[in-house]
Engineer: 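Have a look at this one.
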Amino acid sequence: MTHPIIKDLNTRYTTKKYDATKRISAQDIEIIKQSIHLSASSINSQPWKFIVLESDEAKQRFHNTFANMFQFNQPHAKEASHTILFAYNPRFTKEQYKKVVDAEVTSGHLPAERYNDMLDGAFGFAELNTDETGFNGNWTKAQTYIALGNTLHTLARLGIASTPMEGVDAQLIGEEFKQELDGYVCDFALAMGYHKEGEDYNHGLPKARLPFEDVVTTL
């Protein structure tokens, strides 16, 4: 198939070595940030924060968080043009959801007379995923992965290399970026930039996927 979407996804891969001399343009970074902001989430909850690491100082702080584990990902911290920390709210509350419903009305998406219906009805789904202590991090983290998938496709369309990283130290990230996270949790990050020619062993390899008919069923 030659559709542009399929081409995007066929050329996307996980980059293993970045060229530290190449930077993503300011225009493309703005597209990436706008794209991530427009990501979908259950009940439009948006229980996330995205921290874009661009400066040398921010990269060094991220580099420091690999002191204890996952050192194989540590070079990306400085060599990638940018890294995004994907953070989620582990205790998303109804009071916080009110901001979403306010935005729904302000934008014209939701009629004002349906405000309470949206607030009480939709948030019930969040409550189904909240335990007795108020923790719903498994649910909010899942929303953040939707944003990751959206960003990966955006990067593929822009011809920008990327590396999704679950191999990060959430505890040290929480300490190093405590002020920016403000109670949110970062369990994964996304390095972005341009691969190092001749040193990125994953570049140009064919896709390896299970047979289409084994994973896609049409009824």
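Because only heavy atoms are used, hydrogens play no part in the values below, and waters and symmetry mates are left out as well, while side chains stay in.
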Engineer: Show your reasoning for whether side chain to side chain donor-acceptor pair (under 3.5 Å) applies to Thr93 and Gln96.
Structural biologist: CA-CA 5 Å; Thr93 67; Gln96 291 164 332; 3.3 Å; yes
Engineer: Report yes or no: do His195 and Asp19 form a side-chain donor-acceptor pair below 3.5 Å?
Structural biologist: no
Engineer: With rounding to the nearest 0.5 Å, note down the distance linking CE in Met165 to OG1 in Thr14.
Structural biologist: 10.5 Å
Engineer: State whether a side-chain donor-acceptor pair under 3.5 Å links Asp102 with Tyr97.
Structural biologist: no
Engineer: Do Met192 and Ile29 pass the side chain to side chain contact (heavy atoms under 4.5 Å, CB included) test, and can you show the C-alpha distance, the side-chain angles, and the key distance before you say yes or no?
Structural biologist: CA-CA 10 Å; Met192 310 179 298; Ile29 284 296; 4.3 Å; yes
Engineer: Once rounded to the nearest 0.5 Å, what's the spacing between atom NZ of Lys99 and atom OG of Ser45?
Structural biologist: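 Rounded to the nearest 0.5 Å, the NZ-OG separation comes to 14.0 Å.
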Engineer: Closest heavy-atom contact between Trp48 and Ala40?
Structural biologist: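 Answer, listing the atom of Trp48 first, then Ala40: CH2-O, 3.3 Å.
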Engineer: If you take the centroid of each ring, where Trp contributes its six-membered ring, are Phe188 and Tyr145 closer together than 6.0 Å?
Structural biologist: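 Centroid distance Tyr145-Phe188: below 6.0 Å, so yes.
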Engineer: Of the non-hydrogen atoms in Gln71 and Ala67, which two are nearest, and what is the gap between them?
Structural biologist: NE2-O, 3.2 Å
Engineer: Applying the 4.5 Å side-chain criterion to the ILVMFWY set and letting contacts propagate, would Phe70 and Leu85 be lumped into a single cluster?
Structural biologist: yes
Engineer: Phe86 and Phe177: same hydrophobic cluster, using ILVMFWY side-chain contacts below 4.5 Å?
Structural biologist: no
Engineer: State, to 0.1 Å, how close Phe123 and Ile43 come at their nearest heavy-atom pair, and which atoms those are.
Structural biologist: CA-CD1, 4.1 Å
Engineer: Verify the neighbour count for atom CD of Glu95: are there more than 12 heavy atoms of other residues, nucleotides or ligands below 6.0 Å?
Structural biologist: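 Atom CD in Glu95 is not crowded, with 12 or fewer foreign heavy atoms closer than 6.0 Å.
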Engineer: Would you mind checking if Arg157 and Asp8 are paired as a salt bridge, meaning a charged N to carboxylate O distance below 4.0 Å?
Structural biologist: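 Result for this pair is yes, salt bridge flagged.
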Engineer: Does Gln27 have more than 12 heavy atoms from other residues, nucleotides or ligands lying within 6.0 Å of its CD?
Structural biologist: no
Engineer: Just checking, any donor-acceptor pair under 3.5 angstrom between side chains of Tyr194 and Thr15?
Structural biologist: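 Looking only at side-chain atoms, Thr15 and Tyr194 do not form any donor-acceptor pair under 3.5 Å.
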Engineer: Could you check whether atom NZ of Lys94 has more than 12 heavy atoms from other residues, nucleotides or ligands sitting under 6.0 Å from it?
Structural biologist: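 For Lys94, atom NZ is crowded (more than 12 foreign heavy atoms under 6.0 Å).
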Engineer: Take Asn116 and Met118 through the test side chain to side chain contact (heavy atoms under 4.5 Å, CB included) and record every step on the way to the result.
Structural biologist: CA-CA 5 Å; Asn116 289 331; Met118 180 77 174; over 6 Å; no
Engineer: Taking 4.0 angstrom as the limit, do Glu180 and Arg61 come out as a salt bridge?
Structural biologist: yes
Engineer: Nearest 0.5 Å, what's the CD1-CG distance between Ile36 and Leu155?
Structural biologist: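 Between Ile36 CD1 and Leu155 CG, I get 9.0 Å after rounding to 0.5 Å.
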Engineer: Is any side-chain heavy atom of Thr130 closer than 4.5 Å to a side-chain heavy atom of Phe135?
Structural biologist: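 Counting from C-beta outward, Thr130 and Phe135 never come under 4.5 Å.
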Engineer: Looking only at heavy atoms, which two atoms of His76 and Ala191 are closest? And how far apart?
Structural biologist: CB-CB, 4.1 Å
Engineer: If hydrophobic clusters are built by linking Ile, Leu, Val, Met, Phe, Trp and Tyr wherever their side-chain heavy atoms come under 4.5 Å apart, do Val100 and Leu128 end up in the same one?
Structural biologist: yes
Engineer: Thr65 and side-chain contact (heavy atoms from CB on, under 4.5 Å): which partner among Glu175, Glu176, Gln171, Gln74?
Structural biologist: Glu176
Engineer: Going by distance alone, is a donor N or O of one side chain under 3.5 Å from an acceptor N or O of the other, for Thr140 and Gln143?
Structural biologist: no
Engineer: Could you go through Ile31 and Leu158, starting from their C-alpha distance and side-chain angles, then the distance that decides it, and tell me whether this counts as side chain to side chain contact (heavy atoms under 4.5 Å, CB included)?
Structural biologist: CA-CA 9 Å; Ile31 292 170; Leu158 293 171; 4.1 Å; yes
Engineer: Looking only at heavy atoms, which two atoms of Gly193 and Ser81 are closest? And how far apart?
Structural biologist: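 Looking at all heavy atoms of both residues, the closest pair is CA-CB, 3.9 Å.
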Engineer: Mind listing the closest non-hydrogen atom pair of Phe62 and Phe66 along with its distance?
Structural biologist: O-CD1, 3.4 Å
Engineer: Under 4.5 Å between any side-chain heavy atoms of Ser162 and Tyr13, yes or no?
Structural biologist: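 Heavy-atom side-chain distance check fails, nothing below 4.5 Å.
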Engineer: Would a single hydrophobic cluster contain both Leu152 and Ile146, if residues Ile, Leu, Val, Met, Phe, Trp and Tyr are joined by side-chain heavy-atom contacts under 4.5 Å?
Structural biologist: no
Engineer: Answer whether the closest heavy-atom distance between the side chains of Tyr88 and Asp187 falls below 4.5 Å.
Structural biologist: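 Sidechains of Asp187 and Tyr88: in contact.
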Engineer: Please assess Gln46 against Asn44 for the test side chain to side chain donor-acceptor pair (under 3.5 Å), listing each intermediate value before the final yes or no.
Structural biologist: CA-CA 6 Å; Gln46 305 168 69; Asn44 197 24; 3.1 Å; yes
Engineer: Should we say atom NE2 of His37 is surrounded by more than 12 heavy atoms from elsewhere, each under 6.0 Å from it?
Structural biologist: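 Not buried by this count: 12 neighbours or fewer within 6.0 Å.
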Engineer: Which value, rounded to the nearest 0.5 Å, describes the distance between Leu148 atom CG and Thr144 atom OG1?
Structural biologist: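 Here the interatomic distance stands at 9.5 Å.
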Engineer: Give, for atom NZ of Lys207 and atom CZ of Arg12, the distance between the pair rounded to the nearest 0.5 Å.
Structural biologist: 5.0 Å
Engineer: Do His153 and Ile5 touch side chain to side chain, with heavy atoms closer than 4.5 Å?
Structural biologist: yes
Engineer: Can you list the steps and then say if Glu199 with Lys16 is a side chain to side chain contact (heavy atoms under 4.5 Å, CB included)?
Structural biologist: CA-CA 8 Å; Glu199 296 186 36; Lys16 299 300 183 180; over 6 Å; no
Engineer: Quick one: does Leu190's side chain get under 4.5 Å of Thr163's, heavy atoms only?
Structural biologist: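 No - every pair of side-chain heavy atoms lies 4.5 Å or more apart.
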Engineer: Please answer: with hydrophobic residues joined when any side-chain heavy atoms are less than 4.5 Å apart, are Ile24 and Ile84 in the same cluster?
Structural biologist: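 Yes, it is one cluster - the side chains of Ile24 and Ile84 are joined through contacts under 4.5 Å.
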Engineer: Just so I know, are the side chains of Pro90 and Asn136 near enough to count as touching, which here means a heavy-atom distance under 4.5 Å?
Structural biologist: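 SC-SC contact between Pro90 and Asn136 ruled out.
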Engineer: Is the backbone N or O of Asn150 less than 3.5 Å from a side-chain atom of Thr154, with the two atoms forming a donor-acceptor pair by type?
Structural biologist: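 Yes; judged by distance alone, with no hydrogens or angles, the pair exists.
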Engineer: Do Asp56 and Gln60 meet the criterion of a side-chain donor-acceptor pair at a distance under 3.5 Å?
Structural biologist: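 No, no side-chain donor-acceptor contact under 3.5 Å.
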Engineer: To the closest 0.5 Å, what do you measure between CZ (Phe125) and OG (Ser42)?
Structural biologist: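 If I round to the nearest 0.5 Å, the distance is 4.5 Å.
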Engineer: Under the criterion salt bridge (charged side-chain N to carboxylate O under 4.0 Å, His left out), I'd like the reasoning laid out for Lys17 against Glu197: C-alpha separation, chi angles, the key distance, then a yes or no.
Structural biologist: CA-CA 9 Å; Lys17 184 70 174 178; Glu197 194 70 41; over 6 Å; no
Engineer: Using a 4.5 Å cut-off on heavy atoms from C-beta on, say whether the side chain of Asp28 contacts that of Ser25.
Structural biologist: yes
Engineer: Is the Lys NZ or Arg CZ of Lys49 less than 6.0 Å from the centre of Tyr184's six-membered ring, within 45° of the axis?
Structural biologist: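 Yes - Lys49 lies over the ring of Tyr184, closer than 6.0 Å to its centre and within 45° of its axis.
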